[in-house]
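The next block holds one structure in the form of structure tokens; read it before the comments.
The chain is numbered in sequence order, starting from 1.
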Amino acid sequence: MIKTNTDIEDKFELYKLSSDIEEKNNVALNNPELLQTLQHKLTQWEQNVRAGVQNISK
């Protein structure tokens, strides 16, 4: 899964690297359950990584 951040929204792409090493065929729309699972895992990971980071503001 590839996540691209834009000003408007996050975009997600999903590739089956075992048969598409060049990442030419985005299969995200054909695999909504898998994409949702991966998005959830990424969100959890992002929260865990940031859990120990404090915001510093001036």
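When Q39, K41, E13 are each tested for a side chain to side chain contact (heavy atoms under 4.5 Å, CB included) with M1, only one passes: Q39.
Annotation for L29: atom CG does not count as buried by contact number, only 12 or fewer foreign heavy atoms lying within 6.0 Å. For E9, the CD atom sits in a packed shell: over 12 heavy atoms of surrounding residues, nucleotides or ligands are nearer than 6.0 Å.
Under the 3.5 Å distance criterion, the side-chain polar atoms of D20 are left unmatched by any main-chain donor or acceptor of K16. With hydrogens and angles ignored, the 3.5 Å screen pairs no side-chain donor or acceptor of D10 with any backbone N or O of N5.
Residue L35 holds its CG atom at 8.5 Å from OG1 of T37, rounded to the nearest 0.5 Å. Expressed to the nearest 0.5 Å, how far CG of L42 lies from CD of Q47 amounts to 10.0 Å.
A donor atom on one side chain and an acceptor atom on the other are found under 3.5 Å apart for H40 and Q44.
Heavy atoms only, all atoms of each residue included: A28 and N26 are closest at N-OD1, 3.0 Å.
E23 has its side chain within reach of I2: a pair of non-hydrogen atoms, C-beta onward, lies under 4.5 Å apart. Taking the side chain as every heavy atom from C-beta outward, L38 and F12 never approach each other to under 4.5 Å.
Under 4.0 Å is where a charged nitrogen must lie from a carboxylate oxygen, and between E46 and K3 at least one such pair does.
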